[in-house]
Amino acid sequence: MAFAHVRRLLLHPAAGAPARSFYSQPYQAKVGVVEFLNGVGKGVETHAAKLEEAVGGDLQRLLETRTLRLKKLGVPVKHRKLILSFAHKYRLGLWKPPAEARKAQ
């Protein structure tokens, strides 16, 4: 029974793979703090100057920043959650900032 499942996955590689979009967006070539926050969108980009100054313009330091540090910088809860969520996805390679910034909703 288990062999049939494995065989099906081997014969049809797309069966176990995630769906891919044919309309993928181009990604930023160089990603900095400002480009990262613009890519997240949803109003997070309003904190770009403050966060860039706090981390010294280093994206790696922003990716390692914890919620308490963001709170001390005055970033609201909703924006902290978005920054931390997208930072985790970026570290895992699941998300990259698109070439065009998202519009604030």
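We're numbering straight along the sequence, starting at 1.
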Output for pair (L73 CG, K71 NZ), nearest 0.5 Å, gives 12.5 Å
Checklist entry - Any side-chain heavy atom of L37 sitting closer than 4.5 Å to one from L51? => result yes
For P97 and G39, the nearest pair of non-hydrogen atoms, with its separation, is CB-CA, 4.1 Å
Between the CZ atom in R66 and the NZ atom in K72, the distance rounded to the nearest 0.5 Å is 13.0 Å
In terms of heavy-atom contacts, K42 and E45 come closest through N-OE1, 4.0 Å
Exactly one of N38, V33, V40 clears side chain to side chain contact (heavy atoms under 4.5 Å, CB included) with F36, and that residue is V40
Here the gap from I83 atom CD1 to K78 atom NZ, rounded to the nearest 0.5 Å, amounts to 13.0 Å
query = Any chain of hydrophobic side-chain contacts (each under 4.5 Å) joining V34 to L82?
reply = no
request  = Give a yes or no answer on whether the side chain of E35 reaches the backbone of G32 with a donor-acceptor pair at less than 3.5 Å.
outcome  = yes
**Prompt:** R80 side chain to L70 main-chain N or O, any donor-acceptor pair under 3.5 Å?
**Reply:** no
NE2 (H79) and CG (L84) are apart, to the nearest 0.5 Å, by 12.5 Å
Requested in this report: Would you indicate whether E53, at its atom CD, is surrounded by more than 12 heavy atoms from other residues, nucleotides or ligands within a distance under 6.0 Å?
Outcome: no
Around atom NZ of K81, are there more than 12 heavy atoms from other residues, nucleotides or ligands closer than 6.0 Å? no
Between Y90 and V31, is any pair of side-chain heavy atoms under 4.5 Å apart? yes
**Prompt:** Does some side-chain heavy atom of R69 sit less than 4.5 Å from a side-chain heavy atom of R61?
**Reply:** yes
